[in-house]
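This report concerns only the one structure given below.
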Amino acid sequence: GAVIVMQSSTGKIRALSSFPSYSPSNVGEVLDDTSAPLVNRALSAYNVGSVFKLCVLTAALRQNIKPLTAYTCDGFVNIGDTRFNCNNHSGHGTLDMTSALAKSCNCYFIGLGKEVGASSLYDTCLRFGFNRAYLLADGMTASSGTLPSLSSITAQPAALANLSFGQGDLMLTPLHIAVMVAAIANGGMLVTPSLVEAVTEGDKITEFDTATPRRILSDANTVTLRTMMEAVISDGTGASAKPEKGTAGGKTATAETGWYVENRLVTQSWFAGYYGEYTIVVIKEDGRSGSTDCAPVFKSICDAISEL
């Protein structure tokens, strides 16, 4: 898995860890390791799942769709010939945006994605930079991932439905998700992640220039989004992410990959959120769920930060 801790206001990366790790002084011993320690998982693309629901909510708020917009989840929804099951097969009942995010209701977001429309959702993805790669340093580039084309999600209603809860062909890196969460946490400014603090040459130290953040969301909408993300921790699937001190907001995800190992579906677990001035993203490969695997790691990082 991997963890990223990034300063929300500047995009400066304060921690970027990939597991399992390796010793740079003895690379040879891990070349044949099947767990692939040489892969930087923080910069690799994965199936995203429900952390993408933050993007759908952003698109909805940009269209002035009201947060109290209600939908009744029966546990499944049929889109054409395709049946989509919710994470609660018995149904969540009637929800608004806040409770739908807290309970991670897939059916609600399929309906919301349809109301938002493919073009607006795709435009919001572009605003968050989901179509670009990030160069952090020489030889260290985050994957560009895979953002389905507008034509592909427009062609079939099921494709838009899949995207609306982060499934289908969508694949993004933990760094992409960190940039999205940082924009919500910092009041709507898109930051460019940076890893190099300064360059030294002899006794001369030159601070590394970082890109100026630019506004992509209104401050009012980010306040609404943060309230929803905080409800995920206080009343939803992210309860195990709650720090001992202070307030945090976030989102869990358990993303289906479509891969099977010995008849067992492989899923990727996520938790992405903010605490104080930091954005924190945690991912675990082949996990059980974001709430089980990643939310407690988020909490432990928050608690350690609070002690600094």
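All residue numbers in this chain count up from 1 along the given sequence.
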Worksheet item: Is there side-chain contact between C125 and F52, with heavy atoms separated by less than 4.5 Å?
Response: yes

Practice prompt. Working to the nearest 0.5 Å, report the span between CD of E277 and CD1 of I305.
Written response: 8.5 Å

Item to complete: Go through the structure and list residues passing side-chain hydrogen bond (donor to acceptor under 3.5 Å, both in side chains) with S90, not counting sequence neighbours.
Response: none

Discussion item. If the condition is side-chain hydrogen bond (donor to acceptor under 3.5 Å, both in side chains), which residues does T72 pass it with, not counting sequence neighbours?
Written reply: T94

Fill in: Intermediate values then yes/no, side chain to side chain contact (heavy atoms under 4.5 Å, CB included), I216 and R214
CA-CA 6 Å; I216 60 166; R214 60 184 178 86; 3.6 Å; yes

Discussion item. Is there a continuous path of hydrophobic side-chain contacts, each under 4.5 Å between heavy atoms, that joins L190 to L136?
Written reply: yes

Worksheet entry | Member of I65, L68, V56 meeting the side-chain contact (heavy atoms from CB on, under 4.5 Å) criterion with M97 | I65

Item to complete: Check the pair F271 / F298 against ring-ring contact (aromatic ring centres under 6.0 Å, His included), numbers first and verdict last.
Response: CA-CA 7 Å; F271 192 89; F298 176 90; 4.7 Å; yes

Worksheet entry | Value rounded to 0.5 Å, distance of OH in Y108 from SG in C73 | 11.5 Å

Practice prompt. Treating Ile, Leu, Val, Met, Phe, Trp and Tyr as nodes and any side-chain heavy-atom pair under 4.5 angstrom as an edge, say whether I13 and V5 lie in one connected cluster.
Written response: no

Response to the item:
Rounded to the nearest 0.5 angstrom, the CE-OG1 distance for M229 and T222 is 11.0 Å

Worksheet item: Is M171 reachable from V39 through a run of I, L, V, M, F, W or Y residues, each pair having side-chain heavy atoms under 4.5 Å apart?
Response: no

Worksheet entry | Interatomic distance, T252 atom OG1 to W270 atom CH2 [nearest 0.5 angstrom] | 12.5 Å

Worksheet item: In Å, rounded to the nearest 0.5 Å, how long is the span from CG of L61 to CG of N221?
Response: 4.5 Å

Item to complete: Flag yes if more than 12 heavy atoms outside R215 fall under 6.0 Å of its CZ atom; otherwise flag no.
Response: yes

Fill in: Option among S18, S17, P174 that satisfies the side-chain contact (heavy atoms from CB on, under 4.5 Å) test with I4
P174

Practice prompt. For I205, look at atom CD1 and say whether over 12 heavy atoms of other residues, nucleotides or ligands are found less than 6.0 Å away.
Written response: no

Worksheet item: So do the side chains of N85 and N106 get within less than 4.5 Å of each other, counting heavy atoms only?
Response: no

Discussion item. Any carboxylate oxygen within less than 4.0 angstrom of a Lys/Arg side-chain nitrogen, looking at E230 and K242?
Written reply: no

Discussion item. Taking side chain to side chain donor-acceptor pair (under 3.5 Å) as the criterion, tell me which of R288, Q268, K284 meets it with D293.
Written reply: R288

Item to complete: State whether D235 and K103 are salt-bridged, where the test is any N-O pair (Lys NZ or Arg NE/NH1/NH2 against Asp/Glu carboxylate O) under 4.0 Å.
Response: no

Fill in: Path from Y275 to L225 over hydrophobic side-chain contacts below 4.5 Å
no

Worksheet entry | More than 12 heavy atoms of other groups within 6.0 Å of K114 NZ | no

Worksheet entry | Geometric class of the H176/F130 ring pair [parallel <30°, tilted 30-60°, perpendicular >60°] | perpendicular

Worksheet item: Under 4.5 Å between side-chain heavy atoms, hopping through other hydrophobics if needed: is there a path connecting V266 to V51?
Response: no

Worksheet item: For the atom pair CG (D169) and CG (L147), what is the distance rounded to the nearest 0.5 Å?
Response: 10.0 Å

